[in-house]
Amino acid sequence: MTQKSKIDFKQILDHSHIANPYPLYAQFRETPVALQEDGSYLVSTYNEVVSLLHDPRISSDMRKSDAQKRFMQQAKQKREEMIAQGQQVEEPEEIVPAFIFQDPPNHDRLRRIVTSQLTPERVENMSSHIEQIVKEHLDKHAQGGQIDIVDDLAYPLPVTVICQLLGVPREDEAQFHAWAEPLASVLDPGQVQTEEQQKQIMQAGRQMREYMGQLLQKLKAQPGDNLLSGMMAADDIDGAMSPRELISTAVLLLIAGHETTVNLITNGTLAMLRSPELLERLRQDPELIITYVEELLRYDPPVHFRTRTALADIQIAGTTIPQGATIILVLASGSHDGQRFERSEELIPDRQGNEHLGFGSGLHYCVGAPLARVEAHIALGEISRRLIEPKLALDPPPYRDNAALRGPRHLPVNFKGLRS
Amino acid sequence: MRISVDLNRCQGYGQCCFADPSVFKLRGEEVLEFDPAPGDEHRLKVIRAAKACPVQAIYIGESYEEQEERSHRHE
């Protein structure tokens, strides 16, 4: 029988651990699969996380979890009560979940359509453009002084890239900038607490979908060489994307482009500025950036955990996860598992055989991984090469609230100028 | 440069195809096609491909010509 352990997921969500959650993960791993107070199961060891990610009995569709069913039932009841009292109640909007929240076979169809457009050639064509964007952003600081790695490079780079790739006009970014963060907070159960916050998320979602609907109309009339036009035109043996599916896919890709790569670049800068020796090695050996980025994805990844639902009773590590239970897979903890990685708590920039969980594993493996790699190679390579005597102005830096998509809100760095 | 891929490990993630589309190609969803002896100009891209492989199935070694040359040098 599983014991209700002291392993408490809520500790991850507690902001006091956000600058360094890894000691907490080490405690979690003493109980590979731990039942939580709310009936969910926390999974923190490498083998167990990987085995569940590849298990067809787990679902990414939250609508299949007992917790979500209860929540929907309560919402329905509340609506009915309000109607009975004669209040005006808005019809709930019918939303198609994005493909990361779906299972095969429909997930596979949607993902195939995305990957048919996000081709190696398209990503390769972006790389000279990425070099240009990085150069322009750094060149603004030729005199040295202070640069905020987040606001001045790590955020604008992936946003500019994803907008261009999707076919979203860059000048519209100001509009949806404010929607991305509340929408990404959905992945962090610790934040979705107050009714006010939920309202804000729903509203951001509605506005974002409206915006995308209008943009797709425009692109339908005037297609361009971009993902959204391609996805709209793409056919699949199991059927093309419906207009609702197009919208939820577009919103997902746009948010993912806003809320993840920024953390990879910022965490990578933070780590190299904490270690003068590492920074020097990266300068001496530009190829080291390749394994350094993989090691970052293991050591300090942008995505810390994802949730799933058990579709059947699942026996794992001496515990039975019952059907309908929510499973929290702590990817970042799996990647720190000392049973799987030697010197797991050390950052080893030339680590070999690095099968980290930074992009997940199995059928939901990050679809944007190749793009994130190119952006991180170029941005981190240029930061290490060009900044003269860079020093962290604050350590630890302030972090954003999201514990699932975790990273600094700002990373101010003082430096003396730029190499050309 | 010689490339070998452990096809028992390969899961068709396709990350190598992004790192060097002219050396690695995915046919359909699972079948990996690759050039086992690409020219030296591919060296950096092939290293990127090998390091990006989620199941670390790609091995880079010397081509037969490179091995020959080396053994001659040692004679």
Side-chain angles (χ1 to χ4, degrees), chain A residues 50 53-54 104 108-109 111-112 114-116 118-127 236-237 285-298 331 335 349-378 381, chain B residues 1-67 69-70 73:
Chain A
V50 171
L53 283 173
H54 289 262
D108 300 359
R109 175 178 67 89
R111 183 171 170 125
R112 256 196 322 267
V114 173
T115 52
S116 76
L118 186 63
T119 58
E121 290 71 23
R122 251 204 183 112
V123 172
E124 201 176 40
N125 289 341
M126 286 304 290
S127 73
D236 183 85
I237 39 167
D285 177 8
E287 282 181 29
L288 186 61
I289 207 76
I290 300 169
T291 45
Y292 176 56
V293 167
E294 299 304 318
E295 177 67 343
L296 270 178
L297 286 158
R298 184 195 74 80
L331 303 165
S335 287
D350 54 356
R351 187 182 286 277
Q352 301 299 307
N354 194 345
E355 292 178 44
H356 60 75
L357 302 175
F359 290 125
S361 182
L363 73 142
H364 289 281
Y365 187 87
C366 176
V367 81
L371 195 59
R373 283 196 174 98
V374 178
E375 292 178 29
H377 288 162
I378 296 173
Chain B
M1 187 171 45
R2 190 188 64 206
I3 300 172
S4 43
V5 177
D6 183 341
L7 293 171
N8 287 318
R9 292 184 69 81
C10 176
Q11 306 277 314
Y13 282 102
Q15 301 303 299
C16 52
C17 310
F18 285 90
D20 195 340
S22 60
V23 171
F24 300 94
K25 274 194 177 63
L26 219 45
R27 296 279 175 220
E29 281 176 47
E30 301 241 311
V31 181
L32 182 70
E33 218 176 72
F34 64 97
D35 176 355
D40 270 352
E41 69 278 15
H42 287 278
R43 200 186 68 89
L44 197 57
K45 287 179 170 188
V46 168
I47 293 173
R48 285 198 196 112
K51 299 304 177 189
C53 177
V55 292
Q56 295 291 295
I58 300 171
Y59 302 90
I60 306 169
E62 294 176 311
S63 67
Y64 297 114
E65 291 78 10
E66 286 163 337
Q67 279 177 20
E69 202 188 297
R70 193 158 53 95
R73 255 186 282 131

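Chain naming here is simple, since letters A, B, ... match the order of the sequence lines and numbering starts at 1 in each.
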S.K.: Strictly less than 4.5 Å between heavy atoms, which residues of residues 12-28 of chain B line up against chain A? Please order them by number.
M.R.: B/Tyr13, B/Gln15, B/Cys17, B/Phe18, B/Pro21
S.K.: Below 4.5 Å from any heavy atom of chain B, which atoms of A/His356 appear? Answer side chain, backbone, both or neither.
M.R.: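 Neither part.
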S.K.: Please step through side-chain contact (heavy atoms from CB on, under 4.5 Å) for the pair B/Lys45 and A/Glu124, ending with a clear verdict.
M.R.: CA-CA 11 Å; B/Lys45 287 179 170 188; A/Glu124 201 176 40; 2.9 Å; yes
S.K.: For A/Glu355, which atoms come within 4.5 Å of any heavy atom of chain B: side chain, backbone, both, or neither?
M.R.: both
S.K.: Are B/Arg43 and A/Glu287 packed together at the side-chain level, in the sense that at least one heavy-atom pair is separated by less than 4.5 angstrom?
M.R.: yes
S.K.: Less than 4.5 Å apart, side chain to side chain, heavy atoms only: is that true for B/Pro54 and A/Tyr365?
M.R.: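 Heavy-atom side-chain distance check passes, below 4.5 Å.
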S.K.: Under 4.5 Å from any heavy atom of chain B, what part of A/Arg122 do you find: side chain, backbone, both or neither?
M.R.: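 For A/Arg122, there is no contact with chain B at all, as no heavy atom is under 4.5 Å.
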S.K.: Sort A/Ser361 into side chain, backbone, both or neither according to what part of it lies under 4.5 angstrom from a heavy atom of chain B.
M.R.: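 For A/Ser361, the contact with chain B is made by backbone and side chain together.
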S.K.: Apply side-chain hydrogen bond (donor to acceptor under 3.5 Å, both in side chains) to B/Arg48 and list each qualifying residue two or more places apart in sequence or on a separate chain.
M.R.: none
S.K.: With sequence neighbours left out, what residues match A/Gln352 under side-chain hydrogen bond (donor to acceptor under 3.5 Å, both in side chains)?
M.R.: B/Lys51
S.K.: Under the rule for salt bridge (Lys or Arg N to Asp or Glu O under 4.0 Å), what residues qualify as partners of A/Glu375, not counting sequence neighbours?
M.R.: none
S.K.: Which one, A/Gly362, A/Gly358, A/Ser127, leads in non-hydrogen pairs under 4.5 Å with chain B?
M.R.: A/Gly362
